[in-house]
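Just the heavy atoms: all of them, side chains too, but no hydrogens, waters or symmetry mates, feed the values below. Here, residue 1 is the first one in the sequence, and each next residue gets the next number. Start at 1 and go down the list; that is how both ligands and their atoms are numbered.
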Amino acid sequence: MSRTCRIPSSVFLASAVGALAAILAFSSPQDAFGGVASRVEPDVAHFDGTQVVGPGECAECHEPETAVWLGSAHVSGGKVLTRSDEAKAIASALGVRRIKSDERCASCHFTLQAQEDGRFKAVSEVSCESCHGGAAGWVELHNDFGGTDSTAESETPEHRADRMRLCDEAGMHRPTEFVSLATRCYACHLISDSELVAAGHPIEDGLEFLAGSQGSVRHNFVRGAGVNAPASTEQRRVMFVAGQAVRLEMALRGLARDPGQGECADSLKAAVEAARGVLAAVAERSELPTVAAMLEASDLGPDAVAPALLHAADVVRKAALEFEHGQDGTGLAAIDPLLPIASDS
Ligand code: HEC
Ligand code: HEC
Ligand code: HEC
Ligand code: HEC
């Protein structure tokens with residue numbers, strides 16, 4: 001298996017070594033703990049800690065991506081979390097003794113990796129694999145263009161199709177798989193645990209997938225040939241609709257899982273209505289049977305019970321995948337006024 005990598009400049013090496021040091025400095029041996037690394041439905045958004053290799057394995061070849069990631073809130077927030085009084089108060093209300101060692105917090109604030117004894121350990125703050133999927137099964141595949149001398153340019157279309165399929169099967173959330181990527185985002189960013197909220201955890205429904213993945217999170221150096229390129233206008237349209245569909249789906253699943261009364265349920269219901277509102281505006285501007293199907297399935301009223309909510313979530317997901325795979329965004333200019341950010345940011 002070839003481990004191709006662009007030849008590093010000395011700047012590259014210096015910062016890659018710095019990045020690696022920062023990553024290595026993260027782990028400490030006492031972090032081992034038992035627990036399941038997912039707080040969402042296993043079939044849709046399970047995060048598999050047995051597949052995690054850790055961000056140090058990516059830094060070698062993805063230096064600019066690693067530098068952006070290290071500068072993002074996903075890292076800086078995790079670094080200060082365990083010392084924050086707000087975090088300590090939430091943790092103590094729930095009987096959590098160590099924030100980094102308890103999946104109750106670490107499943108969203110850190111990257112959990114299964115250890116040989118079957119327990120999980122935080123190997124990083126929120127990191128590459130939190131979004132792209134645990135990489136054990138695909139890290140050696142995703143950059144294999146068909147042998148030692150092959151490059152992305154010389155790869156045959158058949159080999160490329162096989163590579164994508166194998167990576168998908170191995171659990172990679174590739175950059176164009178917006179539904180799977182957005183599922184990862186909302187698995188953390190839509191809080192659906194009423195006990196957590198009652199303990200004082202901030203309710204978050206602020207994330208919009210398109211806007212949130214650009215800005216300080218964006219790291220599109222491959223397509224930008226070394227420059228951090230924004231997503232294209234066409235791609236933004238697809239990301240926007242796919243993101244709202246997943247927000248709707250995940251809010252429905254959250255309500256099915258924890259239908260309790262109070263702030264948490266209210267915020268999930270508000271997320272359902274907000275996403276439906278956006279999708280309705282999309283439907284008004286464009287003829288999209290998939291979006292119409294999402295709206296129809298999720299038209300449930302405030303007292304819907306779990307089986308109905310889950311059924312609606314399944315229909316929304318199926319329609320979202322169908323939308324994404326049949327769309328290159330060129331025919332969707334009519335929805336541009338709805339998009340949260342200008343195309344050059
Ligand atoms: C040995 C080098 C190497 C390692 C290690 C590596 N990558 Fe890559 N990665 C590449 C190359 C080369 C590409 C393709 C770039 C291209 O198409 O020009 C790539 C592409 C990607 C893509 C984009 C795929 C696509 O379909 O557009 C993602 C996402 C990615 N890598 C994530 C990771 C993550 C996460 C890790 C660590 C778990 C990692 N990579 C480790 C070399 C590597
Ligand atoms: C494993 C959980 C997890 C995943 C997956 C995740 N995030 Fe986050 N994200 C967080 C946490 C936790 C924070 C808060 C960091 C802090 O300040 O402590 C955060 C912060 C952010 C912020 C900064 C918010 C601010 O107000 O400054 C943005 C933007 C963001 N995430 C976007 C995304 C996007 C887009 C995705 C998916 C492509 C994503 N996140 C996936 C957990 C996650
Ligand atoms: C379902 C995912 C999830 C779980 C579980 C979770 N958090 Fe969070 N938490 C988040 C996200 C996402 C944010 C960012 C909210 C924002 O930026 O608006 C956040 C924000 C916070 C903040 C506000 C400061 C900051 O970093 O932005 C604190 C404090 C916090 N979490 C503590 C905890 C503690 C303690 C636990 C465990 C008892 C926990 N969280 C469990 C997802 C989660
Ligand atoms: C918060 C979630 C998140 C994290 C963390 C994250 N990525 Fe990504 N990544 C994405 C999203 C979303 C895209 C597609 C963005 C777009 O199209 O604008 C992407 C795109 C990519 C691409 C393709 C870029 C291109 O030019 O086409 C590569 C390569 C990549 N990521 C590698 C990494 C590596 C390596 C890390 C860790 C150092 C990482 N990612 C961390 C969500 C994330």
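- For Trp138, every heavy-atom contact with ligand 1 shorter than 4.0 Å involves the side chain, none the backbone.
- Within a 6.0 Å sphere centred on NZ of Lys269, other residues, nucleotides and ligands contribute more than 12 heavy atoms.
- Between Gln235 and ligand 4, at least one pair of N/O atoms sits closer than 3.5 Å.
- Side-chain contact between Glu322 and Pro289: absent, with no pair of heavy atoms (C-beta onward) separated by less than 4.5 Å.
- Listed by number with element, the atoms of ligand 1 under 4.0 Å from a non-hydrogen atom of Cys61 are 1 (C), 2 (C), 3 (C), 4 (C), 5 (C), 42 (C), 43 (C).
- Look at His201 and atom 8 (Fe) of ligand 3: an N/O/S atom of the residue is under 2.8 Å from the metal.
- For atom 36 (C) of ligand 4, the nearest non-hydrogen atom from the set Gly212, Cys128, Cys58 comes from Cys128.
- Between Ser72 and Ser216, the closest heavy-atom pair is CB-O, 4.1 Å.
- Between Ser213 and ligand 4, a contact under 3.5 Å exists for no N or O pair.
- Nearest residue to atom 21 (C) of ligand 1 from Glu60, His142, Met164 is His142 (criterion: closest heavy atom).
- Heavy-atom distances between Phe221 and ligand 1 stay at or above 4.0 Å for every pair.
- Heavy-atom separations between Gly77 and ligand 3 are all 4.0 Å or longer.
- The distance from atom 8 (Fe) of ligand 4 to the nearest N/O/S atom of His219 is under 2.8 Å.
- When non-hydrogen atoms are compared, ligand 4 lies under 4.0 Å from the side chain of Leu181 (C-beta onward) but not from its backbone.
- Shortest non-hydrogen contact noted between Val315 and Ala293 is CG1-O, 4.3 Å.
- When the heavy atoms of Cys188, Cys108, Ser192 are ranked by distance to atom 11 (C) of ligand 3, first place goes to Cys188.
- With a 4.0 Å heavy-atom cut-off, ligand 4 is reached by the backbone of Ser127 but not by any atom from C-beta on.
- When atom 8 (Fe) of ligand 4 is compared with the N/O/S atoms of His132, atom NE2 turns out nearest.
- With ligand atoms numbered from 1 in the order given, ligand 4 contributes 1 (C) to contacts under 4.0 Å with heavy atoms of His74.
- Each of Asn143, Asp162, Leu141 was compared with Cys167 under the side chain to side chain contact (heavy atoms under 4.5 Å, CB included) criterion, and only Leu141 meets it.
- Note on ligand 4: Glu129 sits outside its first shell, no heavy atom being nearer than 4.0 Å.
- By the criterion of a heavy-atom distance under 4.0 Å, the side chain of Leu81, and not its backbone, is placed next to ligand 3.
- Among the atoms of His109, an N, O or S atom falls under 2.8 Å of atom 8 (Fe) of ligand 3.
- In this structure, Arg223 does not count as a contact residue of ligand 1, since none of its heavy atoms falls inside 4.0 Å of the ligand.
- Between atom 35 (C) of ligand 4 and the options His62, Arg184, Gln214, the minimum heavy-atom separation is to His62.
- With a 4.0 Å cut-off on non-hydrogen atoms, Leu94 touches ligand 3 through its side chain and not its backbone.
- Residue contacts with ligand 1 for Thr176 are absent, since no atom lies close enough (heavy atoms, distance under 4.0 Å).
- Heavy atoms of Leu196 found under 4.0 angstrom from ligand 3 belong exclusively to the side chain.
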